[in-house]
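The chains referred to below are lettered A, B, ... by the order of the sequence lines, with proteins before strands, and numbering in each begins at 1.
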Amino acid sequence: MCNLHLYLCANFLAKSDIISIKLIMDIEIILNDAVAKAVEELYGEEPVKNSIQFQKTRKDFEGDFTLVVFPLLRVSKKPPEQTADEIGTYLKENIQQISDFNVIKGFLNLSVNKSFWISYLNDISKDEQYGFITKKEDPKVILIEYSSPNTNKPLHLGHIRNNLLGYSVANLLQSQGDKVYKVNLVNDRGIHICKSMLAWQKWGDEITPEKAGKKGDHLVGDFYVRFDQEYKKEIKDLVEKGMAGEEAKQKAPLILEAQEMLRKWEAKDPEVISLWKDMNKWVLEGFDVTYKNLGVDFDKIYFESDTYKLGKELVLEGLNKEIFFKEEDGSVWADLSEEGLDQKILLRSDGTSVYMTQDLGTAQQRMEDYNADQGIYVVGNEQNYHFQVLKLILGKLGYDWSESLHHLSYGMVELPEGKMKSREGTVVDADDLLNEMTTTADEMSRELGKLDNYSDEERNEIIKTIGLGALKYFILKVDPKRTMTFDPKESIDFNGNTGPFIQYTFARIQSLQRKAKDHGIQLKDEINPKINITTKELQLIKQIHNYPEVLKEAAKAFSPAQVANYVYDLAKEFNQFYHDHPILSEEDKSISAFRLFLSKQVGNIIKSGMKLLGIDVPERM
RNA sequence: GGUCUCGUAGCUCAGUUGGAUAGAGCAACAGCCUUCUAAGCUGUGGGUCCCAGGUUCGAAUCCUGGCGGGAUCACCA
């Protein structure tokens with residue numbers, strides 16, 4: 001069947017300069033089959049599976065695709081150079097697309113006809129969503145949970161990393177043809193919420209966000225801080241009176257009051273519930289503003305106050321089936337020592353739930369609600385252990401989808417001075433940061449005189465896009481699992497490997513298209529495959545050619561960073577190209593028309609890639 | 001101490017299922033605006049890929065053991 005396929009392809013290729021879309025997409029498959037056939041004919045033996053390894057030829061060498069021949073030596077029983085040479089000769093003679101080859105050590109570099117590349121470019125220019133899989137035979141339903149804030153304080157830099165990752169990964173997965181639902185589980189209950197509420201009651205003086213002229217989440221956050229300050233004072237006083245530190249922490253009047261408030265909340269005390277509703281509303285309205293500025297959204301928002309009782313039945317069921325066990329004091333545990341972990345509590349001795357219990361319940365409910373094939377949690381790496389346990393327990397309970405659960409774990413964001421600590425006031429607030437980025441973009445553009453001719457409205461639009469782009473790109477270009485350092489000064493640097501550099505490149509391309517129109521040069525729908533192209537042009541086309549594969553790999557690895565770095569490479573390459581390859585040459589319109597065409601494709605990829613990252617690109621800047 | 005994770009240029013980071021001479025940016029230095037956007041381009045210097053073994057044609061990448069940083073190991077969430 002392999003050979004038949006090859007025969008048909010070779011036959012077709014020999015007769016036609018214009019290659020069908022299908023074949024272009026499959027160039028690497030064709031090469032693969034061709035090498036298999038070559039090996040069989042030359043050495044009388046089929047190559048072992050996976051021994052045919054193609055990769056893109058590195059830039060410093062001549063060629064487009066490279067066959068690594070080392071794995072084939074076992075069959076050829078000849079030195080690497082000779083083997084490569086023989087296969088290369090065979091391919092050049094038998095495959096129309098191969099125009100040339102060269103051998104360096106054990107590497108066979110194959111050059112593909114330039115007309116192939118141009119035809120390829122023609123094809124993708126017709127594809128509105130190049131690189132995206134729009135129709136998939138069996139699309140998966142994927143649930144991705146991200147953000148998951150507490151309603152007692154505003155969002156900070158760590159949440160930004162979470163939100164950007166979640167949003168971008170959702171886009172990425174969707175680009176591969178799967179159905180993705182974004183959900184947010186808001187943690188709106190618990191002792192920490194009561195702390196802010198209590199502080200407001202005591203010292204709030206009936207203030208509201210409107211009266212204070214402040215975002216609701218910030219206002220509530222202030223009371224949370226206030227609580228902590230007053231609480232510490234009480235502890236200090238008690239310790240000075242001779243109480244032990246630990247005891248003081250537990251017996252300070254404020255903490256007792258907060259605990260009492262939580263009990264009232266659980267008993268649905270009308271006064272407490274009413275205050276709780278008000279304050280949560282303030283916070284959530286504040287969050288909405290931040291989410292909107294950040295450009296992220298959700299298909300569904302869950303509240304922990306609705307879901308915190310879930311999971312208990314699941315645990316009891318597991319207890320009945322003797323998957324879990326009960327201690328003498330009545331608490332329920334899972335024994336994970338066989339899996340190399342320890343024992344984990346699932347129900348307290350008083351029968352109430354713990355964090356894990358809830359998570360078991362919400363996982364089960366959500367996966368079944370959506371009939372999802374895969375669940376992804378975007379949560380910081382401090383919860384690696386939690387999710388490891390969660391997955392194991394769900395597996396023990398017999399849910400086969402537990403295998404598909406994935407904890408997209410990301411590292412902390414640190415500052416040059418060290419970690420962010422709320423107590424020391426070194427937390428970078430999300431809203432402040434967003435504003436600061438825009439302000440800096442404004443200052444920079446004024447300094448450079450970039451936006452002098454635009455109206456205030458246009459100007460604001462553009463600097464917002466740039467400031468936000470700088471922040472998003474800075475965070476997303478780093479591999480999620482790494483602990484990253486966020487240097488505010490450096491992030492606002494718009495030179496080099498940054499979002500604004502990429503945006504700038506895009507803006508240039510757009511400007512080029514406009515200028516071309518002014519010059520009366522028409523953008524072609526299609527390029528004649530026979531025209532000559534330079535090495536640099538070819539290089540750009542090849543970079544474009546990588547895009548679908550990059551998306552595929554990035555989606556598989558849940559890694560927007562891979563897309564980010566790819567787009568930067570493309571933009572950089574284009575910028576270099578742009579500099580010494582005149583595109584709007586008056587003398588030779590055919591060349592400039594091709595470059596115009598090429599630059600448009602580059603622009604499309606940049607736009608598409610940036611969109612996956614959740615970064616806007618400006619038409620001008 | 002157990003488990004997980006990271007360690008690449010002075011700094012921030014890339015580096016594809018193991019492939020060729022390990023790459024960018026920032027910072028430093030030297031150039032380039034009468035020419036499609038100089039938020040740009042070109043050049044120079046800068047490396048014990050934490051260390052030591054192992055696997056193999058080939059290791060920054062995989063395995064083992066160290067060293068160093070981080071996270072986690074609650075009847076908190």
Side-chain angles (χ1 to χ4, degrees), chain A residues 50 53 55-58 60-61 66 68-71 73-74 80 104-107 109 150 187 189-192 304 308 327 329-333 340-342 344-350 352-356 358-359 380-386 388 409 411-412 414 416 419 441 444-445 447-448 450 466 470 474 477-479 481-487 490-491 493-498 500-501 503-505 507-516 518-519 546 549-550 553-554 557 561-562 564-566 568-569 572 575-576 578-585 592 595-596 599 620-621:
Chain A
N50 291 336
Q53 295 175 17
Q55 51 193 265
K56 316 263 172 182
T57 304
R58 288 175 51 147
D60 4 323
F61 298 95
T66 296
V68 185
V69 298
F70 292 108
L73 299 184
R74 240 190 355 192
I104 294 167
K105 293 195 215 167
F107 298 91
N109 299 323
N150 290 341
N187 184 357
R189 66 165 284 278
I191 190 79
H192 51 292
E304 207 181 288
Y308 77 105
E327 279 286 344
D329 62 6
S331 53
V332 178
W333 298 74
L341 304 173
D342 51 13
K344 189 82 190 171
I345 188 156
L346 298 176
L347 287 178
R348 297 192 185 97
S349 48
D350 63 6
T352 54
S353 302
V354 293
Y355 178 42
M356 182 60 74
Q358 295 172 36
D359 251 18
N381 64 8
E382 69 271 12
Q383 295 200 29
N384 284 355
Y385 181 69
H386 173 80
Q388 202 184 344
S409 157
M412 300 194 136
E414 293 183 355
K419 287 181 204 166
M444 300 277 288
S445 74
E447 222 169 90
L448 295 165
K450 282 276 180 186
I466 296 170
F474 188 88
K477 76 170 173 185
V478 180
D479 182 20
K481 63 175 179 288
R482 272 178 84 118
T483 301
M484 68 175 290
T485 307
F486 181 83
D487 186 340
E490 208 172 298
S491 73
D493 190 346
F494 294 156
N495 297 310
N497 189 352
T498 64
F501 170 80
Q503 292 172 321
Y504 170 73
T505 309
R508 253 185 171 177
I509 291 171
Q510 300 319 300
S511 152
L512 196 60
Q513 305 294 327
R514 290 191 296 266
K515 283 258 160 64
D518 296 346
H519 278 66
N546 291 340
E549 204 175 324
V550 168
E553 292 300 321
Q562 290 182 14
N565 285 292
Y566 165 84
Y568 170 69
D569 284 345
K572 184 179 157 68
N575 249 305
Q576 292 169 353
Y578 185 85
H579 200 262
D580 42 34
H581 286 69
I583 291 170
L584 298 181
S585 148
S592 59
R595 289 186 185 155
L596 194 65
S599 66
R620 55 192 88 205
M621 68 185 269

Kindly check if the number of other-residue, nucleotide or ligand heavy atoms within 6.0 Å of CZ (Arg514(A)) is above 12?
->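 Atom CZ in Arg514(A) is crowded, with more than 12 foreign heavy atoms closer than 6.0 Å.
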Approximate separation, where rounding is to 0.5 Å, of Lys481(A) NZ and Asn381(A) CG =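 It comes to 11.5 Å.
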Give the B/S/- string for nucleotides 35-43 of chain B, one per nucleotide from 5' to 3', where a protein heavy atom under 4.0 Å of the base yields B, of only the sugar-phosphate yields S, and otherwise -.
-> -BBSBBSS-
Which protein N or O atoms sit under 3.5 Å from an N or O of nucleotides 58-61 of chain B?
none

Assign the ring pair Tyr355(A) / His386(A) to parallel, tilted or perpendicular, where the plane angle (0 to 90°) is split at 30° and 60°.
->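 Rings of Tyr355(A) and His386(A): parallel, as their planes differ by under 30°.
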hbond_proxy Asn109(A) side chain to A20(B) base (donor-acceptor, 3.5 Å cutoff) =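 Indeed, a donor on one side and an acceptor on the other fall under 3.5 Å apart.
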When you compare the protein's N or O atoms with those of nucleotides 13-19 of chain B, which come within less than 3.5 Å of each other, and at what distance?
from: C13(B); atom 1: OP1; to: Thr485(A); atom 2: N; distance (Å): 2.7
from: A14(B); atom 1: OP1; to: Asp479(A); atom 2: N; distance (Å): 2.4
from: A14(B); atom 1: OP2; to: Arg482(A); atom 2: NH1; distance (Å): 3.1

Residues forming a side-chain hydrogen bond (donor to acceptor under 3.5 Å, both in side chains) with Tyr568(A), sequence neighbours excluded |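 Per chain and number, Tyr568(A) pairs via side-chain hydrogen bond (donor to acceptor under 3.5 Å, both in side chains) with no residue.
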Between Lys105(A) and C57(B), is there a side-chain N or O to OP1/OP2 distance below 4.0 Å?
->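 For C57(B), neither OP1 nor OP2 has a side-chain N or O of Lys105(A) closer than 4.0 Å.
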A77(B) OP1/OP2 closer than 4.0 Å to side-chain N/O of Arg348(A) =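 Yes, within the criterion.
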Please work out if [X] contacts a base, only the sugar-phosphate, or nothing of the nucleic acid, heavy-atom cut-off 4.0 Å.
| X | value |
| --- | --- |
| Tyr355(A) | base |
| Ser409(A) | nothing |
| Phe61(A) | base |

Quick one: list whatever passes ring-ring contact (aromatic ring centres under 6.0 Å, His included) with His581(A), sequence neighbours left out.
->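 Testing His581(A) for ring-ring contact (aromatic ring centres under 6.0 Å, His included), a comparison that skips the adjacent residues, returns Phe577(A).
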Partners of Tyr385(A) by ring-ring contact (aromatic ring centres under 6.0 Å, His included), sequence neighbours excluded?
->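 Tyr385(A) satisfies ring-ring contact (aromatic ring centres under 6.0 Å, His included) with no other residue.
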Main-chain N/O of Phe61(A) paired with Asn109(A) side-chain donor or acceptor, under 3.5 Å =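 Checked: no pair found.
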Find the distance [X]:[atom1] to [N]:[atom2] and express it as a whole number of Å.
| X | N | atom1 | atom2 | result |
| --- | --- | --- | --- | --- |
| Gln383(A) | U3(B) | CD | C1' | 16 Å |
| Asp60(A) | A22(B) | CG | P | 10 Å |
| Ile345(A) | A74(B) | CD1 | P | 11 Å |

Contact check, side chains of Phe70(A) and Pro80(A), non-hydrogen atoms, under 4.5 Å |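 A side-chain contact under 4.5 Å exists here.
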